[in-house]
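Taking it in order: structure first as structure tokens, then the write-up.
Each chain gets a letter, A, B and so on, in the order its sequence line appears, and its residues count up from 1. Values in this document were obtained by computation on a predicted structure and should not be read as measured data.
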Amino acid sequence: MGYVRAQLSLSNPRLPNLPRVEVSARVDSAAWLVCIPESLRAELELEEADRRPAQLADGSIVHVPYVGPLELRFENRMAFTGALVMGDEVLLGAVAMEDMDVLIDPRAQKLTVNPAHPDVASGFVGEVAAVAAPPQMINVQIDGVWKQFPKGTRLIEACEQAGSYIPRYCYHKKLSSPGNCRMCLIEMGMPKMGPDRKPVLGEDGKPEINWMPRPQISCAQDVAEGMGVRTTSPLVDECRRGVMEFLLINHPLDCPICDQAGECRLQEFSVEYGNAESRFLENKVKKPKNVELGPRVTLDDERCILCSRCIRFCQEVAKDDVLGFIDRGSHSVLTAHPGKKLENNYSLNTVDICPVGALTSSDFRFKMRVWFLKETKSFCTSCATGCNTMIGTRENVIHRQTPRENDAVNSSWMCDFGRLNFDYLHSDKRLLEPKIYSGEKLVATDWKTAIVHAAAQLKHFNGWEIAIIASGTMTNEELWLTSRLAHLMGVQLIDIVPRRGEGDDILLSEDRNPNTNGARLLRLTHEPGSQLPRIAEAVASGQVKALIALHENPLDAGVSADALSQLPAFVLIDILENAATACATALLPAAGYAEKRGSMINGKGRLQRLNRAVRPPGNARDDWEILRDLIQEYSGQNGIYMIEEVFKQMSESVQEFAGLSLGKIGDHGVQVMEIAEESPTPEEPGKDEGNKPESERAAN
Amino acid sequence: MEKTIESVPAELEREMDKVIGYYPADRTRSASMPLLHLWQEHFGYISDEGVRWIAEKLDLEPINILELVTFYPMYRQQPAGKKHIRVCRTLSCAMAGSYQLMENLSAIAGVKPVHEEHHSPNGHDAGMHNPEVKDERGDYSFEFVECLASCGTAPVCMVEDELHENVRPDMAREIISGHHRPGGYPPPPHPYERRLIFGNLSRSDWSIDIDRYMREGGYEQLRKAVTMSRTDIVNEVKASGLRGRGGAGFPCGVKWGFIKPDEKKPIYLICNADESEPGTFKDRYIIHQDPHQLIEGMLISCFALNARVAYIYIRGEFPEGAKILERAIEEARAQNLLGTNILGTGFDCEIYVHRGAGAYICGEETGLIESLEGKRAYPRIKPPYFPAVLGLYMSPTIVNNVETLCHVKHIIEMGGAEYAKLGKPNNTGTRIVGVSGDVLRPGYFEIEVGAVTMGQLIFEMAGGPRFGRNIKAIIPGGSSAKVLRADETFKIKDVEMSLWDLPMDFDSMAAAGSMAGSGGVIVMDDSRDMVWTLNNLNEFYAHESCGQCTPCREGSLWMKKITDRMMLGGGVVQDPKTLVNVADNIAGRTICAFGEACAWPTQSFVAKFAEEFEAKAEKPVPPPMPPEYTPGELISDKDGEIETVELAHNSGWERAGAKGVV
């Protein structure tokens, strides 16, 4: 993957007689400003207005001329801008892209006008006005009270917003509406029209409503002006009771052995609309049970209420049309073709959206009653997407991980790979005790001794003799403390290990590090992995005598086993035993993603917060505390007592975090960086090794 | 048994490619059903290999095809016997002895009759598939199928693709040996009749080829229509007051008017030839006896609507009809009445025949559209999917019944205003009513709407009841219409009248609390058990419910199970009440009108023949159901008492005691 390029037309608006210059510009959304080479400045006779410091990719600062005004044109878009004179080609940065309302199309790898408003060539004032204008509001009467909703609101959602939750099975707001369960029937009416074709107004000045004799479903219609809805009338109640009874007559009623019990919509709505006794005297329809739909999903067809949510999910979201109904009428059965399994990477979402116990997770089933689960809001750290999750735990054991809705990140879904990637936290390879190398082997010790020992080891060496291999799986707070430590020690050789895999167009990112952007922002890396060859070389040559590795195995980063075992000091902060742990001179057991608080920035620049769902096992500690203690021991600087303080200090020096705190990140995160596409990573040594998810690295 | 299909013969694949061409290039999923038919015709049944082959051919997932194979009962997943006989089991045929016929056929082949093979008193049933048995040597297989739309010549059966009519149970041997011949139509018109649609049938030396049709002025109306403006034709149809003859009676001109004149998307016309409402058998005869009339009506309609492609969705049980229509289309094409630049007008129009495969729900227009798109015939929700706006391929689509489209030809001939003089205001024109069941001369009669009373129809035209019998009940418009008692009186426009005085028109039937529906009149005499009758219909609806939406899916089978148990002697006192309540919970709460169709018979039968239902529901209500209880216990019990099972923790059960009464 190279850089995206775009054909731009440049001119000097002050000198309209000068010919326009057509150039192929490099598009770099990580840069802010427009840069032009000196030759172009001369050609367009642009005036120097200022001299500005510019930070180069390697972190160095140079002062360059700032010239302008410069007129940029791309397709039907234009913008006036200033430009830095530097480099040997035209570079289009994020500010001008924003100005022209153009985007990088990551699939086509080209610059395009924003497809949301393709024709806004006339200018942005109209667009801004349109954005600023409030959405058209629709008046709807719900249970006798007139309320307003934005145009396009689904009726069932409007009722919910108005406080009248309408029971539903088939409706899911992220999927199409088939209207098949008939649970959301309500009474509906439209304004009575007079002879003048205008609504007849009642005494209260509101339209009179013509109620339809038949109940209507509320899941497939948007609100309309003057619409009336009754959600609690006797007819509505009768409808819901009728549907409830129908759904249960052929249902096995096996709640005591059903995994869905406790979060089952049939149970929930039975409380309000069910009958205590059944008047169904017949035999129930027999259907297949315990069907393995795929490697991760088990189906009980007798529990299935044929709502088709799973089918629609597979068609519409997972793009893997693998499920369907066979047979007809009451004998209809959900199934997959015998030759095809539900094995796409999103299959477990069908379990989440199944309103009943038909689809269950083969991993979670029979493990734990859901009402015993303590739920902690967090996010998935298996790739750069950072899908929001709910971690279900009981007695310090994680039992499941489910997606949590966040439209800015993952809608309501997550991939199976990420969802099931938590078992390693309970692995018997977890490092449980701090250990130090004494003489010939690693011996367990207490934390104080371990920290003192580790700091003492590092103090023997100066900055150029120390290298740090950090990780894109670390939180911002940890990375920031790491960079402080590096600064204190004067370390120059520092990088994170890139971790890449195959991505998809749905949620899974090619970048399997959850916090590459945090590492970039906090200057632990410019390009993940770019420093690793130098580090490996320096370790091998003996220039580097002390290595600190955090949540990464240096062997995966290209450091040879030989060189690693020869290192005078190797401080390793990690969670799982691996080939490198035996070489450590100080081994400091840390916490996994579900065992700590902290923040990360996902691939799209969103700052999100991890919350602690379980305690770290044994004597393992939260990373930030380990790092803080190391810094304190190394430098004698004052300690920090809470992770909130780490964030506070970080936010004082990192502009993107200004005004934020861990608390303010909230459950849904905050956008802190604008990232139009994933930056390409050049081929790296050690890349293949680094591909493996954290859970698999234990094996090495 | 699984035959390995090494390769699909080139000729078959050529045929398939031709059929795929009937549908827009980006909508070849529509060809799923035709391809399945071709596969089955060639290989005898649809193996998993067939499913996968067709899926690959159409760039679909195998599940997409498997969904169809299992939804449409005509697709077989197992080979049939060398001679496959389908016997109609729905009401008119059942009354005429089709169960006895099945028993006789089975006895000859030495197998157990399907209805015994697949029925146990415990209420297990064959599932959604048509119950079927095959003899050991595989010489014969017998299948019970739902209404074959030939109720006037009941009982009927199909031997392979050939329909045999008037098959009395004692003719079983002739059917098996292949000697029976289809029975004798058409009868001469009755003096009360006014034949427009069936006008040609009574001509001497009538034949269905295009030359004969053109000798009777065939395609003259098309020639006339193409000289008219589109709006004029639509206006003529509006002026004619023509109401749809499919069942709902919706004004045809109004429907056509929903199409925007400046429509940019392609417009489709679909002829609904999925005639499968029990009691209805008119479209079959139009297609079989006068196919060009339908083609001409469709071409005029296409021209009026600016539809360039039309499909005839013909039910799978009409294989002969499909062939007749295909031949008629080719004849018309040869005369430049169809195809490109029709009659030099520059108007292009293609008509394709698309075969169903045994699903009543395809008669519902949005279910039909889904089926035509190559999916399970799940009716669409309205709003938003009104066919005239978002129909076939999400384009504006008009779906009209066969008879309705034929009337268009006569409206052009007579002029809308003149046509409207036939019949009564708001009930214009002629319509074909079919009388079946317990009358001496069952059959079809084309009458001016409202010009004949029910009494005239039954007693004078259809010959009245059999000797020594009295008529007990009448279903006036297809099995879905509410039943009327023979001794009922109605107040129509303030006039008190008996059932026999009721005029045969849309509004009078509606005023009498039923509907004119599809014009299928089913007559039951006093020998008929109304619980048995309703059970027969309930079985039909339970079998035909598509299963998409909850109330109909679960309710239709529940009602069938109740009436089934009542027929087997297990009725309990709450059954009539439960039946009506279940029906009430279905009607008006479903996606499509099937909800009403399956609920109305139950609601009306139980209300109007309460005494018969009560007589079959005398057992005490069983106590709160312990898990050990099965309907079988109810049925097998002889003394009117229900065996009880100790269930100490359930106080309700304890109180019920040995009598089973709480």
Side-chain angles (χ1 to χ4, degrees), chain A residues 169-170 177-183 185 213-217 219-222 238-239 241-251 276-286 305-308 311 314-315 320-333 335-340, chain B residues 48 51-52 55 60-67 69-73 122-124 127-129 359 376 378 381 383-384 542-551 553-558 561-562 565 570 572 574 578 581-582 584-586 588-591 622 624-625 629-632 634 652:
Chain A
Y169 291 105
C170 68
S177 291
N180 66 34
C181 76
R182 316 308 284 179
M183 193 64 186
L185 288 168
R214 283 161 156 235
Q216 304 288 318
I217 49 172
C219 66
Q221 285 192 59
D222 290 346
E238 197 186 298
C239 289
R241 287 182 177 282
V243 171
M244 219 35 245
E245 182 179 35
F246 284 136
L247 286 175
L248 291 178
I249 57 173
N250 283 307
H251 187 84
E277 284 177 6
S278 172
R279 51 181 180 157
F280 184 73
L281 304 178
E282 328 302 329
N283 277 347
K284 291 174 190 266
V285 176
K286 296 273 180 285
I305 57 166
L306 303 163
C307 71
S308 78
I311 298 178
C314 286
Q315 288 169 344
D320 179 28
D321 191 3
V322 65
L323 297 180
F325 291 135
I326 58 164
D327 289 354
R328 196 162 81 176
S330 191
H331 303 279
S332 302
V333 164
T335 192
H337 182 267
K340 261 198 127 174
Chain B
D48 184 51
V51 170
R52 282 182 281 124
L60 298 170
E61 292 292 332
I63 186 71
N64 303 143
I65 302 297
L66 186 65
E67 281 193 320
V69 174
T70 55
F71 183 89
Y72 299 98
N122 271 351
H124 291 296
M128 57 66 57
H129 302 285
R376 292 160 73 83
Y378 282 174
I381 47 174
H543 184 267
E544 296 298 340
S545 168
C546 76
Q548 183 184 200
C549 69
T550 310
R553 174 181 73 230
E554 303 299 339
S556 59
L557 184 62
W558 188 2
K561 284 179 172 176
I562 293 175
R565 180 166 45 76
V572 299
Q574 71 179 13
T578 309
N581 188 257
V582 170
D584 291 347
N585 280 341
I586 303 172
R589 301 178 190 179
T590 52
I591 291 175
M625 194 170 81
Y629 165 81
T630 64
L634 270 183

Worksheet item: Heavy-atom distance under 4.5 Å to chain B: side chain of A:I249, backbone, both or neither?
Response: side chain
Worksheet entry | Engaged part of A:L185 at the chain B interface, taking heavy atoms whose separation is under 4.5 Å | side chain
Worksheet item: For A:F325, what residues pass the ring pair (Phe, Tyr, Trp, His ring centres under 6.0 Å) criterion, not counting sequence neighbours?
Response: none
Fill in: Contacting moiety of B:A359, where chain A heavy atoms sit under 4.5 Å
both
Discussion item. Heavy-atom cut-off 4.5 Å, strictly under: side chain, backbone, both or neither for A:L323 against chain B?
Written reply: backbone
Response to the item:
Turns out that what part of B:R376 lies under 4.5 Å from chain A's heavy atoms comes down to side chain
Worksheet item: Checking heavy atoms, do the side chain of B:D584, its backbone, both or neither come under 4.5 Å from chain A?
Response: neither
Worksheet item: Do B:N64 and A:H337 have a side chain donor and acceptor closer than 3.5 Å?
Response: no
Worksheet item: Is it the backbone or the side chain of A:S308 that comes under 4.5 Å from a heavy atom of chain B, or both, or neither?
Response: neither
Practice prompt. Test A:M183 against B:T550 for side chain to side chain contact (heavy atoms under 4.5 Å, CB included), laying out the working first.
Written response: CA-CA 9 Å; A:M183 193 64 186; B:T550 310; over 6 Å; no
Worksheet item: If you count heavy-atom pairs under 4.5 Å with chain A, which of B:I63, B:I586, B:I591, B:L60 comes out on top?
Response: B:I63
Worksheet entry | Engaged part of A:V322 at the chain B interface, taking heavy atoms whose separation is under 4.5 Å | backbone
Worksheet item: Can you say whether B:V69 sits under 4.5 Å from chain A via the side chain, the backbone, both, or neither, judging by heavy atoms?
Response: neither
Worksheet item: B:L66 versus chain A, heavy atoms under 4.5 Å apart: side chain, backbone, both or neither?
Response: both
Worksheet item: Relative to chain B, which of A:G324, A:G242, A:A336, A:P338 shows the most heavy atom pairs under 4.5 Å?
Response: A:G324
Worksheet item: Which bit of B:T590 is near chain A, if near means a heavy-atom gap under 4.5 Å: side chain, backbone, both or neither?
Response: backbone
